[in-house]
Every structure is written in structure tokens, then in C-alpha cells.
*Asks:* 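Have a look at the structure that comes next, please.
Numbers here simply count residues along the sequence, with the first being 1.
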Amino acid sequence: MGTEVGSAVEISEPLLPPEKTGGLVHEEKIAPWREQITVRGLLVSTLLGALFCIITHKLNLTVGVIPSLNVAAGLLGFFFIKSWTELASRIGVSAKPFTRQENTVIQTCVVACYGLAFSGGFGSYMLSMDERTYELIGADYPGNRAEDVKNPSLSWMIGFMFVVSFLGLFSLVALRKVMVIDYKLTYPSGTATALLINSFHTTTGAELAGKQVRCLGKYLSISFFWSCFKWFFSGVGDSCGFDNFPSLGLAAFKNTFYFDFSPTYVGCGLICPHIVNCSVLLGAIISWGFLWPFIATKAGNWYPDNLGSNDFKGLYGYKVFIAISLILGDGLYNLIKIVIITIKEFMNARSKQTSLPLIVAHQDDESSKLLMEERLRNETFVKDSIPSWFAASGYIGLAAISTATIPNIFPQMRWYLVLACYIVAPALAFCNSYGTGLTDWSLASTYGKIGLFVFASLVGSKGGVIAGLAACGVMMSIVSTAADLMQDFKTGYLTLSSPRSMFVSQLIGTALGCIIAPLTFWLYWTAFDVGSPDGAYKAPYAVIYREMAILGVEGFSALPEHCLELCCVFFVAALVINLMRDVTPKNVSSYIPIPMAMAVPFYIGAYFAIDMFVGTVILYVWERLNRREAEDYAGAVASGLICGDGIWTVPSAILSIFRIDPPICMNFTPSS
């Protein structure tokens, strides 16, 4: 699992002020849907999709916190195609004008591609099956069987991705008009992306976009060369270099409190909301500042004192299970909350009217312009319809293929269990997509965990672990992809893009992701020590998901002493904190931490929390000095820092594959 972080925003109509719409209603000629998908757009989408897959894998395998990269996708797509058209005009070659519709298609394709690096489970359920995770938990650990091991391989990973990743696209496509037009769901991230793309294609917006691209390129270069510089001092192993710099002192360093000079995590701090970054830091202080040192004093009493640092019968077990309890408490609360909101809003909409009219009477010139704009959007959105029979037959056909194929990949997952997943998945996909439209919070990983527990307990001790993890992958893929599709339909609706071009670009992006996501993961798998608890790529959620599957099979009998009581305390605390966030006034709730974000450092360590907090402090000071500049450029700076560090991963992996080690090991010891 990853925790994908985005900020919920609300943008009311009009999407752009009348003077900046660029003639949206009267002047702009909208190309047919086939012309909105271009060869140059697909080439750029492939390039950016590969880059963002690399970045997503790096974040998934290190901390599991993944900021939304949609803005960077739209901005870089604009930059590459605009550069292409300008270069073509300079050398006298005619090039098609770059439209907001083509920009939207590129952004959609990129997001569909790199989204599979997240929902594909390369840092969670898929990696939970491997031998390293099995050995890490322990061969003698109750419920952890050697038979429940399936090591990563390109062949089965690509095959699995192809048979599960497309069903989510077909599950809800027939409801696009209901979700976007009839119920007017906000889909805040989709709306914000549309605002960004529309602004690019105005005179003032194009000028700002050019400055943002230059800013992104500047910080990308700085980040890349800094990561390259750091490599020379990182030595052999994982104890050297700036990544192990005791910036807060050696005593704090032993408890993982140090700044490790990571451009990626500082960039995440600039993108993520302040409350997320502060919640991560608070979780690090509670766990590594107080809780783990306290439990460590109980060695020999609560647990044997001669255990290794990664033995689940000792302190390591407390770290994993308490983190799981916080994650489950937060996920369960938000699931119940969004289901209640969804049912309430759905019933309210049904009681008012079955479908909303496309046009209502206007009162003045301003409202008339808005209604004309809305009418054009509605007409564009319903014109290129995707037949319901096509969506239904596509879902049924793909479900049949998947039901026959998955048991060959995972024999523990019987065909009737796969079929059961596909029968209930559309209902869960609808709940998640509707909830995302209202709150901007996708609970795909929570639905995946529910499937994990249910199917692990159904299958039992003989194969329940693998069956539960495979079911988690099936459910998570469908629910996540369906919500992403509706977000993109909202973006397309507001940029006058054809739903057919959006759907086809989603299909192309998903197909690219089914190949690129496993290939880029394989780069990490072959070049680095993925899954080592003492390495750079700990893959924290691999252990967590396997432990969840074992819990589903074995129950709580294997927990260390007093661990269950502590887990219950933190589970209830997560529920109470979320309740407080909802019942208190907004000016109070905005300062109450988020349990899901607090849980991440419990297992991983405090170092990345320090980096993210540095990012949030930089953003806070920047906003106080010049809020407009911060709003315009913070996203570009953050994206540049993340992308530059991500790009360096490729040459770093190549050097590692050829066994070329850094020449210097910089480390620190007490002077005495």
C-alpha cells in the first residue's frame, strides 16, 4: 500500500474568469475525439509515465507516502508539446496547434500509467508474497508458511497487471453522466487539474506556465546534481553518506531523528498539506521519541531480550502491529463516514429529481454566460457517448478472462473466489468513486484490506495468506482505477474534452502502465536490496500487508505480550481523533493530526518526517513572505526536487547493476 496524499480543494464556477476563458464558449473550435489523441501526445505520455513510475516506486519502497503528481504531469505535458510546436515552427515544419483537449489527454494517460505503480502493489501486497518478507517475519512465526511464497517475476507480474487493471475502467463508465452532470460531484483534484490546464491555454496562463517550467527545470537540475554528489560519499552498504548524517546529534541519530538531505522528501513536504507533514512528525515523536524507548526498557520482561532487531517476537513486532492498528482505525472510520455521506447524498439527489436538466433559466448576463458555458460542456460530454452495452460486455468479458487466468498465477485463489470479487467490485467501485467525488479521498487501499481479511479467513491456513493478498490486489485495482477514471472524466468535462478520447487515453495509459510499472520496479529489484529493514528501500508495507494476511488466518495469538492491548488503544485513538476532526469547528479541526499520516513513521523511522517538516517550514515561511509567489511556484519547485532525485535513481541503479561502488564512505562516530 501507499498513502497517496492530495489536498482537497473546492473550485466554484466559472472555472476561469470571463476574460481568461479564451473564448471557451464562442471562439474555440473543438477537434473530433480522434484528433485529440496524437502520436506526439502518446510519445510524451510514455516518457512521463516511465519517469513518474520510477518516482512512485521510489516513494512506495521507502516511505509509502506518495504526493499527487497530476500537476507535474499537466505542466510537463504542456512544456514538451509546446516546445515541440515552437521548434517545428522555427525550422519551417507545420505542426498542429496544441489544444487544452490534447493536454488533458496527455495528463490522463500519464496518470493512468503511473497510477498502476501505486495500485499494482509493487511496494505492498505483491511484494508481501516474496521470500525476503517471509524470512523477515520468521519461518517459525505462526501462520507464516514457506508454501505461501511467490517471488517477483516479470512474466507473472505483467500478466497479472493486464488481467486485473482494465476492469475498473469498464465498471463505472456507463455512469459518467450520472456522476459528473446529474449529481454534479466536485472531484476536487480533477477540477483543480482542469483549472490548471485551462489556464495554460490563455495568454497570461501560458506565460506563467513557461516560468513554472523554468522553475521546475532549475530545481530538477539542482536535485539531480545534489543526488549525484551524495552518491560519491555513500560507500558500500547502507551506513555511509549524507543519508546517515547525524545532523541532530548521535543520540538522536540512534532513534532515527536526523535530516538526511533528501530532495524527494523535502519536495513531498512542499506538496503535502501542512497538517499531513505535522502529523507525520508527531507520529515520529510519539513512536521513536517515547513509545519505542519505553518498550525497549521492557526487554526481558515483555519479550526475550536476546532477539534480533527484526524479530517479530520483540520490539519489531510492536512497531509493525501498532502501525497496522492506526492504519486500520483510520481506514475503517473514513470508510464508514464516506459510505454514510454517499448514501445520504445519493438519497437526497434521488428524492429531489431523477436527473438534472442540462439548462435552466438564466437571470442576468453573467449567469447567462455561465449557463452557456455549462451547456456547451454538457453537450460535449454527452455527444461522444460510450455505449452501455460496450461497457457491460467489456466488463463481463474481462472478468471471464481474469477468472480463468488468476488461479493459474495464484493456485490458492480459486476461480469462484475471483468471480466473487468481480460480482461485488462494481458496487464498491461506485461507493469509492462517489466518495472521492465528494471528499477527494480515495479509500482504494481500505477496500483492498477488507478483501484481504475476508478472503484470507475464508481460505484458511492452507493458502489463505496468498489468496488474501491476491484478492487485495484485485479489489484495490478495480476500485482505484474506477475512481481515477471519474476524476479524469471531470477534468475532461471542464476542458471540453471528449469522453471517448478520455476513455481511450485511459486504456492506452493503463496498457502502458501494465508494462512500464513492472519494468521500472524490476530496475529497483535487480539493482537494490529491496525489502531489507536496514537498507534504503525497506518496502515497509510489504511486511505490514503480509502480517495482515496472517492475522486474517491466525487471529491475534501470535502477538507479543501487551501488544494487543496497545494495538486496541491506538485503534480506538485513531477513531477518536477522526471523530474530533469531524465534530470540531474547522478552525480547530485543521490543527488535529491525521492518524493515517501519523502511522507511517511508527514503522519506518523519523528521518523522513524531519525532511518533510523542513519542506513544510519552507513553504510556511514562503507563504508569509509572498503568498502569491508561493501559490504559483511551490508545486513547480517540489516537482523539480522530486523528479531530479527520481531521475538520478536510473544511473544509480545502472551503476549498482554493474557493481560500481561509490569511492568514499562518509560516516560519524563519537570523538571519544
*Asks:* Minimum heavy-atom separation for A511 to F162, with atom names?
*Replies:*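 Nearest pair, atom of A511 first, then F162: O-CZ, 3.9 Å.
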*Asks:* For S505 and M502, indicate whether the former's side chain and the latter's backbone hold a donor-acceptor pair under 3.5 Å.
*Replies:*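 Yes.
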*Asks:* Determine whether Y524 and K58 make a side-chain contact, defined as any pair of heavy atoms from C-beta on separated by less than 4.5 Å.
*Replies:*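 Side-chain contact under 4.5 Å: yes.
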*Asks:* Step by step, would you call I55 with C643 a side chain to side chain contact (heavy atoms under 4.5 Å, CB included)?
*Replies:* CA-CA 7 Å; I55 293 168; C643 291; 3.8 Å; yes
*Asks:* Would you say I466 and V459 make side-chain contact, with heavy atoms under 4.5 Å?
*Replies:*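 Answer no - side chains too far apart.
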*Asks:* Determine, step by step, whether L512 and C109 satisfy the side chain to side chain contact (heavy atoms under 4.5 Å, CB included) criterion, reporting the C-alpha distance in whole Å, the side-chain angles of both residues, the deciding distance to 0.1 Å, and the verdict.
*Replies:* CA-CA 9 Å; L512 290 172; C109 193; 4.1 Å; yes
*Asks:* Would you say N144's side chain and Y134's backbone share a donor-acceptor pair under 3.5 angstrom?
*Replies:*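 At least one qualifying donor-acceptor pair exists.
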*Asks:* Measure from the side-chain N and O atoms of Q412 to the backbone N and O of A467, and report whether any donor-acceptor pair falls under 3.5 Å.
*Replies:*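 Looks like no, no N/O pair under 3.5 Å.
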*Asks:* If you measure from CD1 on I544 to CG on L551, what distance do you get to the nearest 0.5 Å?
*Replies:*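 Answer rounded to 0.5 Å: 11.5 Å.
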*Asks:* Once you round to the nearest 0.5 Å, how far does CG of N60 lie from CZ of F521?
*Replies:*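 Rounded to the nearest 0.5 Å, the CG-CZ separation comes out at 10.0 Å.
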*Asks:* Is there a side-chain contact between F608 and V280, using heavy atoms and a 4.5 Å cut-off?
*Replies:*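 Yes. Closest side-chain heavy atoms under 4.5 Å.
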*Asks:* Would you compute the distance between atom OG of S402 and atom CD1 of I478 and round it to the nearest 0.5 angstrom?
*Replies:*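 Between atom OG of S402 and atom CD1 of I478 there are 7.5 Å.
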*Asks:* Is a side-chain N or O of T133 found less than 3.5 angstrom from the main chain of L127, in a donor-acceptor match?
*Replies:*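 Checking the backbone N and O of L127 against the side chain of T133, a donor-acceptor pair under 3.5 Å is found.
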*Asks:* Is there less than 2.5 Å between the SG of C113 and that of C53?
*Replies:*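 Cysteines C113 and C53 do not qualify as a disulfide pair, their SG atoms being 2.5 Å or more apart.
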*Asks:* Name the orientation class of the two ring planes belonging to F390 and F503 (parallel below 30°, tilted from 30 to 60°, perpendicular beyond 60°).
*Replies:*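 Ring orientation of F390 relative to F503: perpendicular.
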*Asks:* When you measure from the side chain of S45 to the backbone N and O of V110, does any donor-acceptor pair fall under 3.5 Å?
*Replies:*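 Such a contact is absent between S45 side chain and V110 backbone.
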*Asks:* Looking at every non-hydrogen atom in both residues, tell me the closest pair between G531 and R132 and how far apart they are.
*Replies:*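 Closest pair (atom of G531, atom of R132, distance): C-NH1, 3.4 Å.
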*Asks:* Strictly distance-based, threshold 3.5 Å: is any side-chain N or O of S656 a donor or acceptor partner for the main-chain N or O of S652?
*Replies:*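 Flag not set: sc S656 to bb S652 has no pair under 3.5 Å.
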*Asks:* If the test is side chain to side chain contact (heavy atoms under 4.5 Å, CB included), which one of V418, T403, N408, T405 qualifies with V163?
*Replies:*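 The side chain to side chain contact (heavy atoms under 4.5 Å, CB included) with V163 is passed solely by T405 among V418, T403, N408, T405.
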*Asks:* Test T108 against T104 for side chain to side chain contact (heavy atoms under 4.5 Å, CB included), laying out the working first.
*Replies:* CA-CA 6 Å; T108 298; T104 305; 4.2 Å; yes
*Asks:* Do F410 and F160 have ring centroids that are under 6.0 Å from one another?
*Replies:*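 Yes.
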*Asks:* Side chain of S477, backbone of V474: donor and acceptor closer than 3.5 Å?
*Replies:*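 Between the backbone of V474 and the side chain of S477 there is no qualifying donor-acceptor contact (under 3.5 Å).
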*Asks:* Between W226 (side chain only) and L641 (backbone N and O only), is there a donor and an acceptor less than 3.5 Å apart?
*Replies:*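 Flag not set: sc W226 to bb L641 has no pair under 3.5 Å.
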*Asks:* Specify the closest pair of heavy atoms between S501 and Q36, including all atoms of both residues, with the distance to one decimal.
*Replies:*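 For S501 and Q36, the tightest heavy-atom pair comes out as OG-OE1, 2.8 Å.
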*Asks:* With rounding to the nearest 0.5 angstrom, report the CD1 to CD1 distance, I516 to I158.
*Replies:*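 Result: 10.5 Å between the selected atoms.
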*Asks:* Looking at every heavy atom in both G77 and L48, which two are closest together, and how far apart are they?
*Replies:*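 Residues G77 and L48, closest heavy atoms: N-CD1, 3.7 Å.
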*Asks:* Flag the pair L507 / F170 as yes when at least one side-chain heavy-atom distance between them is below 4.5 Å, and no otherwise.
*Replies:*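 Counting from C-beta outward, L507 and F170 do come under 4.5 Å.
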*Asks:* Strictly distance-based, threshold 3.5 Å: is any side-chain N or O of S639 a donor or acceptor partner for the main-chain N or O of G635?
*Replies:*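 Yes.
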*Asks:* Drop me the distance from M157's CE to I515's CD1, to the nearest 0.5 angstrom.
*Replies:*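 Result: 13.0 Å between the selected atoms.
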*Asks:* Taking all atoms of both residues into account, what is the closest heavy-atom pair of C472 and L452, and its distance?
*Replies:*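 Minimum heavy-atom separation between C472 and L452: CB-CB, 3.9 Å.
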*Asks:* If you measure from OG on S497 to CG on N103, what distance do you get to the nearest 0.5 Å?
*Replies:*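 If we round to the nearest 0.5 Å, S497:OG and N103:CG are 9.0 Å apart.
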*Asks:* Does the side chain of I550 reach to within under 4.5 Å of the side chain of I137, using non-hydrogen atoms?
*Replies:*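 A side-chain contact under 4.5 Å exists here.
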*Asks:* The test is side chain to side chain donor-acceptor pair (under 3.5 Å); show your working for D645 and S223 and say whether it passes.
*Replies:* CA-CA 6 Å; D645 198 20; S223 175; 5.0 Å; no
*Asks:* For the pair D148 and R546, evaluate salt bridge (Lys or Arg N to Asp or Glu O under 4.0 Å) and give the outcome as yes or no after the intermediate values.
*Replies:* CA-CA 10 Å; D148 292 324; R546 189 173 183 91; 5.3 Å; no
*Asks:* Are any non-hydrogen side-chain atoms of F528 and L523 less than 4.5 angstrom apart?
*Replies:*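 A side-chain contact under 4.5 Å is absent here.
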*Asks:* Hey, what's the ring geometry for Y265 with Y607, parallel, tilted or perpendicular (30° and 60° as the breaks)?
*Replies:*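 Taking Y607 first and then Y265, their aromatic rings sit tilted (interplane angle of 30° to 60°).
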*Asks:* Are any non-hydrogen side-chain atoms of F455 and C421 less than 4.5 angstrom apart?
*Replies:*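 Contact flag for F455/C421 side chains = yes.
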*Asks:* Check W156 against I409 and note the closest heavy-atom contact, atom names and distance.
*Replies:*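 In this case the closest contact between W156 and I409 is CE3-CG2, 3.9 Å.
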*Asks:* Are more than 12 heavy atoms, taken from residues, nucleotides or ligands other than R414, located less than 6.0 Å from that residue's CZ atom?
*Replies:*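 Atom CZ in R414 is not packed in, count stays at 12 or less.
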*Asks:* I'd like to check H57 versus Y537 (side-chain heavy atoms, cut-off strictly below 4.5 Å). Are they in contact?
*Replies:*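 They are not in contact (no side-chain heavy atoms under 4.5 Å apart), so the answer is no.
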*Asks:* Check the angle between the aromatic planes of Y541 and Y545 and answer parallel, tilted or perpendicular using the 30° and 60° thresholds.
*Replies:*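 Y541 vs Y545 ring planes: perpendicular.
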*Asks:* Examine distances only and state if a side-chain atom of D130 and a backbone atom of P152 form a donor-acceptor pair shorter than 3.5 Å.
*Replies:*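 Pair absent, no side-chain N/O of D130 close to backbone of P152.
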*Asks:* I want to know whether F321 and F602 have ring centres closer than 6.0 Å.
*Replies:*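 Ring centres of F602 and F321 not closer than 6.0 Å.
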